[in-house]
Amino acid sequence: MSWLLPLIGVVAGFATVYWMDIEVPGKLASYLSLAALAGLDSIFGGIRAGLEGKFHDDIFFSGFLVNTLLAALLAYIGDEIGVDLFLAAVVVLGGRVFLNLSLIRRYWLNKAAIQKKTE
Amino acid sequence: MNVIRSRSWVLKVTIMSIGLGMLIAVSLKTQQQMRSEGIGDFRWPELVMAYKDARRQNERLHKQIAQLQDKLTDYEYQISQGSSSAKLLNRELQEIKFLAGLTAAHGPGVTVTLKDSRKKTGPGAIPIIDSLIHDTDIWRVVNELSSAGAEAISINDQRVIAMTPIRCVGPVIQVNEVPIAQPYVIRAIGNPKTLESALRMTGGVVDSMPDPDMIEIKQETDITVPAYAGSRRTNYLKPAG
């Protein structure tokens, strides 16, 4: 059941912030969404690396922090200089999320198939 | 060994998942807030563009109104060139337009500037709500000026006429059909001394300001008050009798 833990983490983090009374300037809205997408990418990347036995603490933690900040920052710079880097980031990060998800699914299917064989 | 290894990465992913949950919650809240304010899915630069467009159009239309009103006065003048009765009628018409605020006027008076307080606000100091200029402050000043015999009043170049509303609309104040923002400059034509002393009456408008810097009164020898530039259409009004 340990695979449920990250899901519980997301719900816990969501709940603590959602009921808090914070207000963010509307200008930051799109950058925040992008940061959330980058975070999603990092989490799925971490799960995939863990399942493949290639998980490294430093890569995972730095990846999460740097990717979220960098995604928002790049989109902001893009807006400033008039290049829509926001879309580029959405396409790349979205693509990676789907790729990681499909690899995680494959890994689980493989594991299920092996278990069936051994039985 | 394998079990411990696998557990440890799941825990680390869980820790960061809490961060992810927080990020998602913040961005969801921000989006909801924007939607509830009617901003919708627009992104900031687009909103700025739309706002600038609307403003430019507004300015152009205002210029158009001024031009059309000038033209109207011209036509009226031309009519008056005809018979003597037409001349008389036109003189009366011009006088009525002048009194109704449909023409610009100048003369001695006062300039009253209202602006939000710059002093520290919050507990122990001026409450935030009192540190801002409200619609009530403006109409109290306007009311006092009219009662002291002001003959023409404008607020940020919006002429105050009989049906002028002065009303709070969010962060700005609507005068006629135009939203205006602080600093509010009220110009009134009349006896400068009388007008100023009316505002400075004990317990009057100046006294009731929580911060004396919020109001500034200047006597002027010659100020100009613009003509009313809003719509003059009536939908329900019919002459009686």
Side-chain angles (χ1 to χ4, degrees), chain A residues 1-51 53-57 60-61 63-65 68 72 75-76 79-80 82 84 86, chain B residues 1-55 116 121-123 127-129 131-132 169-172 179 181:
Chain A
M1 290 304 273
S2 69
W3 57 270
L4 263 178
L5 277 174
L7 196 66
I8 295 169
V10 170
V11 173
F14 186 89
T16 45
V17 170
Y18 194 74
W19 306 122
M20 265 182 353
D21 193 31
I22 47 166
E23 212 165 277
V24 182
K27 200 178 174 177
L28 294 179
S30 56
Y31 307 132
L32 269 175
S33 324
L34 200 60
L37 184 62
L40 206 64
D41 169 56
S42 288
I43 294 295
F44 283 127
I47 293 173
R48 174 194 156 190
L51 290 175
K54 293 192 285 195
F55 188 86
H56 290 288
D57 292 2
F60 176 66
F61 286 116
F64 185 90
L65 296 173
T68 48
Y76 172 74
D79 276 349
E80 290 298 305
D84 211 347
F86 181 88
Chain B
M1 183 60 202
N2 202 15
V3 173
I4 294 167
R5 257 181 68 97
S6 79
R7 277 278 157 75
S8 83
W9 73 257
V10 168
L11 275 179
K12 280 162 196 159
V13 170
T14 307
I15 293 168
M16 282 332 240
S17 296
I18 297 172
L20 176 64
M22 288 173 169
L23 258 179
I24 294 176
V26 173
S27 67
L28 186 76
K29 268 184 82 138
T30 316
Q31 295 287 348
Q32 277 177 348
Q33 178 195 323
M34 284 178 73
R35 241 167 257 147
S36 72
E37 283 165 5
I39 299 174
D41 291 330
F42 281 116
R43 294 186 42 218
W44 202 255
E46 292 164 13
L47 281 175
V48 173
M49 292 273 273
Y51 173 73
K52 277 188 181 152
D53 272 358
R55 229 176 109 141
D116 295 346
T121 55
I128 291 174
I129 194 90
S131 76
L132 305 174
V169 272
V172 294

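Protein chains get the first letters and strands the later ones, always in sequence-line order, with residue 1 at the start of each.
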Give the intermediate values and the outcome of side-chain contact (heavy atoms from CB on, under 4.5 Å) for residues B:Thr14 and A:Ile8.
CA-CA 8 Å; B:Thr14 307; A:Ile8 295 169; 5.9 Å; no
Evaluate the criterion side-chain contact (heavy atoms from CB on, under 4.5 Å) for residue pair A:Ser42 and B:Met16; output intermediate values, then yes/no.
CA-CA 9 Å; A:Ser42 288; B:Met16 282 332 240; over 6 Å; no
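With a 4.5 Å cut-off on non-hydrogen atoms, A:Leu7 does not touch chain B at all.
When all heavy atoms are compared, the tightest approach of B:Ser17 to A:Ile43 is N-CD1, 3.7 Å. The two residues B:Thr30 and A:Ala29 make their nearest non-hydrogen contact at CG2-CB, 3.6 Å. When all heavy atoms are compared, the tightest approach of A:Ser33 to B:Gln31 is OG-NE2, 3.1 Å.
Separation of atoms CG (B:Leu28) and CG (A:Leu32) is listed at 11.0 Å; rounding is to 0.5 Å. A:Phe64 CZ to B:Lys12 NZ: the interatomic distance, rounded to the nearest 0.5 Å, is 16.0 Å. Atom CD1 in B:Ile15 sits 8.5 Å away from atom CZ in A:Phe60 (nearest 0.5 Å).
Remark: side-chain polar atoms of B:Lys29 are paired, donor with acceptor, to backbone N or O of A:Met20 under 3.5 angstrom.
Contact count against chain B (heavy-atom pairs under 4.5 Å) is highest for A:Gly39 among A:Ala12, A:Ala49, A:Gly39. For chain B, the option among A:Thr68, A:Leu34, A:Leu65, A:Asp57 with the highest count of heavy-atom pairs below 4.5 Å is A:Asp57.
Side-chain contact between A:Ile47 and B:Trp9: present, with at least one pair of heavy atoms (C-beta onward) separated by less than 4.5 Å.
Counted within 6.0 Å of CZ on A:Phe61, heavy atoms from surrounding residues, nucleotides or ligands total more than 12; the atom is thus considered enclosed.
Applying the side-chain hydrogen bond (donor to acceptor under 3.5 Å, both in side chains) test to every pair with at least one member in residues 18-27 of chain B, sequence neighbours left out, gives no pairs at all.
Each of B:Val13, B:Leu20, B:Ile18 was evaluated against A:Pro6; a single residue qualifies, B:Val13, per the side-chain contact (heavy atoms from CB on, under 4.5 Å) test.
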